[in-house]
Amino acid sequence: HMLLGAAAAEFAVLGRLGERTTSVLFALEGLLRAHTELRVHGAADPARSVLGGLQRWMHTRGVPWQDCCPDSEAPDGWLVQRGELHSTALDEPALLTALTRVAAGGKVSPHASGATAVPLGAVAALWSSADAFGTALDFAALSHGHPDGNRPAGVLGAAISLLLHGAALPEALRRAVSQ
């Protein structure tokens, strides 16, 4: 609910959804697919599923489907079919650039250290309460290879997980930063 609330607020203010918000929504859709896989098969790779969601998001930024998801013939998923989420406007190109490099068979730059992947930490809190910090690091590492681009996502993931489990905000922040 909090992610959808943030998206609604951003739309109300800007008249559109920005890249960070839409990418987080697609990452969340990927995580939902991982939860389904976990229930059906007993195991899932949340980072792979989030990457799949981010690849679908790339398509909404104007990248041809086959360049984003070569293993799938046609766009699939509820979000990718929502026309209002498609835009070629770039308010933060770092994530799109990094994911395009990965989709082309390259690797994540070990020097990528921006804050673009930090919101993915919020999604990680929804997967693992035991290791939200580590899961958030994994999600941020999909596009940002430098620890300075990953650790803030880890802190966000750990803090939100602690808040969701009843910790007070000062305690959640202290414990998350200590990780």
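This structure is a prediction, so every number in the text was calculated from the model and none was measured. We number each residue from 1, following the sequence as shown.
- Contact of the V24 side chain with the W57 side chain is not registered, since no non-hydrogen atoms from C-beta on lie closer than 4.5 Å.
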Evaluate side chain to side chain contact (heavy atoms under 4.5 Å, CB included) for Q55 paired with F26, printing each intermediate quantity in order. CA-CA 9 Å; Q55 288 172 313; F26 276 88; over 6 Å; no

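- Nearest heavy-atom pair, P75 versus V80, reported as atom, atom and distance to 0.1 Å: CB-CG1, 3.9 Å.
- Taken together through direct or relayed side-chain contacts under 4.5 Å among Ile, Leu, Val, Met, Phe, Trp and Tyr, L17 and V63 form part of one hydrophobic cluster.
- Here the shortest heavy-atom pairing between A136 and A153 reads CB-O, 3.2 Å.
- When atom types are taken as modelled, the side chain of H146 and the backbone of D148 share a donor-acceptor pair closer than 3.5 angstrom.
- In this structure, CD in Q81 is found 12.5 Å from OG1 in T60, a value given to the nearest 0.5 Å.
- The aromatic rings of H86 and H59 sit perpendicular to each other, their planes meeting at more than 60°, with 30° as the lower class boundary.
- R151 CZ to L156 CG: the interatomic distance, rounded to the nearest 0.5 Å, is 16.0 Å.
- Cluster annotation: V118 is not connected to V177 through the hydrophobic network of ILVMFWY side chains, with a link wherever side-chain heavy atoms come within less than 4.5 Å.
- For the pair L164/L126, a side-chain contact is recorded, criterion being any heavy-atom separation below 4.5 Å from C-beta on.
- Other residues, nucleotides and ligands contribute only 12 or fewer heavy atoms inside 6.0 Å of the CD atom of E73.
- Checking side-chain atoms of Q179 against main-chain N and O of V155 turns up no donor-acceptor pair under 3.5 Å.
- Linking Ile, Leu, Val, Met, Phe, Trp and Tyr whenever their side-chain heavy atoms come within less than 4.5 Å puts W65 and W78 in one cluster.
- A132 and A125 make their closest contact through CB-CA, 4.2 Å (heavy atoms, listed as atom of the first residue, atom of the second, distance).
- Distance check: M58 CE to L51 CG gives 9.0 Å after rounding to the nearest 0.5 Å.
- The minimum heavy-atom distance between A27 and L120, with the atom names listed, is CB-CD2, 3.6 Å.
- Both L31 and I160 belong to a common hydrophobic cluster when Ile, Leu, Val, Met, Phe, Trp and Tyr are linked at side-chain heavy-atom distances under 4.5 angstrom.
- Although no hydrogens or angles enter the test, the distance criterion places a donor-acceptor pair under 3.5 Å between the side chain of T135 and the main chain of D131.
- For the atom pair CZ of R56 and OG of S72, the computed distance is 6.5 Å after rounding to the nearest 0.5 Å.
- Under the 4.5 Å side-chain heavy-atom criterion for ILVMFWY residues, no single connected hydrophobic cluster contains both L163 and V123.
- The heavy-atom pair separating A159 from A176 by the smallest distance is N-CB, 3.5 Å.
- Under the 4.0 Å criterion applied to side-chain N and carboxylate O atoms, R33 and E37 are not assigned as salt-bridge partners.
- Side-chain contact between S23 and L54: present, with at least one pair of heavy atoms (C-beta onward) separated by less than 4.5 Å.
- Taken to the nearest 0.5 Å, the CG atom of L173 stands 9.0 Å off from the CG atom of L162.
- Between T22 and L79, every side-chain heavy-atom pair lies at or beyond the 4.5 Å cut-off.
- In this structure, W127 CH2 and L28 CG are separated by 12.0 Å, a value rounded to the nearest 0.5 Å.
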